[in-house]
Asker: 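This is the structure I have questions about; it appears just below.
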Amino acid sequence: MEAQTKSSSLSPWFYVPSLYFVQGIPYMIINVVSTILYKRLGVDNAQITLWTSFLYLPWVIKMFWGPFVDTFSTKRRWLLTTQFAMSGCLALVALSLQLPNFFFISLAAFAVGAFISATYDIATDGFYMLALNPGQQAFFVGIRTFFYRLAMLFCTGFLVILAGRLEKTTGNNPLSWSIAIGVAAVIFAILFAFHALILPAPESNPQTNLDNKTVQNVSWVDVFSSYFKQHKVYIILLFILFYRFGEAMLLKLASVFLLDKTAAGGLGLATEDVGYIYGTFGLVSLICGGILGGILISKFGLKKSLFPMALSLNLPNLFYVYMAVAKPPIQFVYPLVSIEQFGYGIGTTAFMVYLMYICKGEYKTSHYAISTGLMALGMMIPGAISGTIQQSVGYPLFFTIVFLATIPGMLTIFFLPLNGEEGKQQKTI
């Protein structure tokens, strides 16, 4: 009890950065790094995109077990349990890559890890609201986002570059990726031990019990019905499902395209090069795009910004059509991907702000969970079919289809409910 009292007096600087760094690692490994890993281990594109896209499913349906996480046990216990379990899942993935049937074993471990990671997301956000007062919550929003981005850099940059260098020095791709994923597992275990020692226990406050009772009394029929009773909800649903449709297809195969041999239509780059392209230069561009997107929305409002920012997300997809046809040298790939990632950061910011904008009334948190679940569904379905389409038509036509698939989502913007007060509201964000 004394240890808990001491830890509860700690500044959020001691645990907020590490909690959100931990949050980003499994999401990026499961949904992004896994495609590079499987490509380097010889799995075909259709299999990669189909099975790794279904790993989005826990983030689609996490809203349904959110109340259980909210009311059973404490957020602190959920955090520690999921961190410990995630380190075990990553260790299992690392070991499975040495086995002949590595694909199915590692995929099963990733699937379990996806459910654990989605649960960790719920617990982390709940813990954040309990452990920090409103002023601290506002202050640390940017901090937690920054450390989540650092996790992206760690995964798509450091881990991929590490695996690429080991591929060159050992000549053994499975061993190289086992070591890289094993490093992530060890880091997870270390951070679990760190958090077990220092995390405060805010649920010991009497207010927590009241909050839990309130949550238990909430009718989830009311929550869902209030969401789907919104004005022009059918347009909102079409927007959420189709705004990122083309991007979802591109996301699954962009790295694979860079890695694929030139004989197969790819650029034939080394794993290490892809790590530098996406994990360093591309990520910096993504962050800068996100920052600029927030500035534009605060200045002009979401209503005026949404369509131009959607164009910035989708027009750079044409760069992949160019690269698939012209096969440019790597010196041109760096700036083309960086510009595409910069536009991705701008366009995604507008999308996420709109998801927050439609969350109104007494169920804001639950409405946001529903919106993000639908967003994940809109990423899962096109991602699942992208590999089959690419193998059928080749990269140039596939990237052309990706660009055309962005048009329906952009057209929905003209019919979205955005009232006249929206611009003023967004300027306060």
Side-chain angles (χ1 to χ4, degrees), residues 141-142 145 149 152 230-251 254 278 281-323 334-360 368 371-372 374-376 378-379 382-383 399-429:
V141 165
T145 301
R149 298 294 190 191
M152 294 174 63
Q230 294 183 80
H231 178 56
K232 291 187 176 180
V233 68
Y234 60 95
I235 294 295
I236 294 173
L237 295 178
L238 288 173
F239 172 74
I240 294 174
L241 291 172
F242 286 101
Y243 181 81
R244 303 179 71 181
F245 199 93
E247 176 207 334
M249 297 174 71
L250 179 69
L251 183 64
Y278 280 107
F281 293 92
L283 183 58
V284 171
S285 299
L286 174 66
I287 294 172
C288 292
I291 293 171
L292 178 60
I295 294 172
L296 292 174
I297 292 172
S298 68
K299 183 174 178 61
F300 300 106
L302 184 59
K303 189 171 186 177
K304 292 181 179 178
S305 304
L306 187 53
F307 186 72
M309 293 172 76
L311 289 176
S312 73
L313 170 69
N314 295 316
L315 286 179
N317 292 347
L318 292 172
F319 292 158
Y320 285 90
V321 178
Y322 165 74
M323 288 191 287
Y334 274 97
L336 291 174
V337 172
S338 294
I339 295 171
E340 181 266 326
Q341 289 290 289
F342 182 74
Y344 171 37
I346 294 175
T348 304
T349 298
F351 181 68
M352 300 308 293
V353 169
Y354 185 77
L355 295 192
M356 290 187 282
Y357 167 71
I358 62 174
C359 297
K360 301 173 182 177
Y368 190 72
S371 293
T372 54
L374 292 170
M375 176 190 72
M379 298 290 288
F399 289 127
T400 303
I401 293 171
V402 165
F403 176 72
L404 294 175
T406 66
I407 295 174
M410 289 194 290
L411 290 178
T412 63
I413 294 173
F414 296 102
F415 305 96
L416 283 176
L418 282 166
N419 61 48
E421 294 298 308
E422 169 276 326
K424 297 178 183 178
Q425 292 171 1
Q426 293 305 332
K427 290 180 184 180
T428 65
I429 291 176

Asker: What's the separation between atom CG in L250 and atom CZ in F399, rounded to the nearest 0.5 Å?
Answerer: 6.0 Å
Asker: Check whether any side-chain heavy atom of C288 sits under 4.5 Å from a side-chain heavy atom of L292, and report yes or no.
Answerer: no
Asker: One pair to check against side-chain contact (heavy atoms from CB on, under 4.5 Å): I297 and M309. What are the steps and the verdict?
Answerer: CA-CA 9 Å; I297 292 172; M309 293 172 76; 3.8 Å; yes
Asker: With a 4.5 Å limit on heavy-atom distance, are the side chains of L416 and L306 in contact?
Answerer: yes
Asker: Grab the two heavy atoms, one from G378 and one from A248, that are nearest each other, plus how far apart they are.
Answerer: O-CB, 4.1 Å
Asker: Do R244 and T406 make a side-chain contact, defined as non-hydrogen atoms from C-beta onward lying under 4.5 Å apart?
Answerer: no
Asker: Rounded to the nearest 0.5 Å, what separation is found between the OH atom of Y344 and the OG atom of S312?
Answerer: 12.5 Å
Asker: Got Q341 and L283 here, is their nearest side-chain heavy-atom distance under 4.5 Å?
Answerer: no
Asker: Would you compute the distance between atom CD1 of I235 and atom CD1 of I413 and round it to the nearest 0.5 angstrom?
Answerer: 12.0 Å
Asker: Look at the aromatic rings of F245 and F242 and report parallel, tilted or perpendicular, splitting at 30° and 60°.
Answerer: parallel
Asker: Go through I346 and I295 one step at a time and tell me if the side-chain contact (heavy atoms from CB on, under 4.5 Å) criterion holds.
Answerer: CA-CA 10 Å; I346 294 175; I295 294 172; over 6 Å; no
Asker: Ring centroids only, cut at 6.0 angstrom: are Y320 and F403 within range, meaning strictly under it?
Answerer: no
Asker: Looking at NZ of K304 and NZ of K299, how far apart are the two atoms once the value is rounded to the nearest 0.5 Å?
Answerer: 10.5 Å
Asker: Grab the two heavy atoms, one from P408 and one from A405, that are nearest each other, plus how far apart they are.
Answerer: CD-O, 3.5 Å
Asker: Before giving the answer on side-chain contact (heavy atoms from CB on, under 4.5 Å), spell out for I339 and F319 the whole-Å C-alpha distance, their side-chain angles and the decisive distance to 0.1 Å.
Answerer: CA-CA 9 Å; I339 295 171; F319 292 158; 3.5 Å; yes
Asker: Strictly under 6.0 Å, is that where the ring centroids of F351 and Y354 end up?
Answerer: no
Asker: Does some side-chain heavy atom of I407 sit less than 4.5 Å from a side-chain heavy atom of L411?
Answerer: yes
Asker: Let me confirm one number: the CG-OG1 distance from N317 to T400, rounded to the nearest 0.5 Å.
Answerer: 10.5 Å
Asker: How long is the gap from CE on M379 to CG on L374, to the nearest 0.5 Å?
Answerer: 13.5 Å
Asker: Between R149 and L286, does the side-chain contact (heavy atoms from CB on, under 4.5 Å) criterion hold? Intermediate values first, please.
Answerer: CA-CA 9 Å; R149 298 294 190 191; L286 174 66; 3.8 Å; yes
Asker: Would you please indicate if the ring centroids of F415 and F239 are separated by under 6.0 Å?
Answerer: no
Asker: Check the orientation of F281 and Y334. Use parallel for under 30°, tilted for 30 to 60°, and perpendicular for over 60°.
Answerer: perpendicular
Asker: Is the shortest heavy-atom distance from the side chain of M410 to the side chain of L313 under 4.5 Å?
Answerer: no
Asker: Treating T412 as the side-chain partner and G409 as the backbone partner, does any N or O pair qualify as donor plus acceptor under 3.5 Å?
Answerer: yes
Asker: Give me the atom names and distance for the closest heavy-atom approach of Y243 to G347.
Answerer: OH-O, 2.9 Å
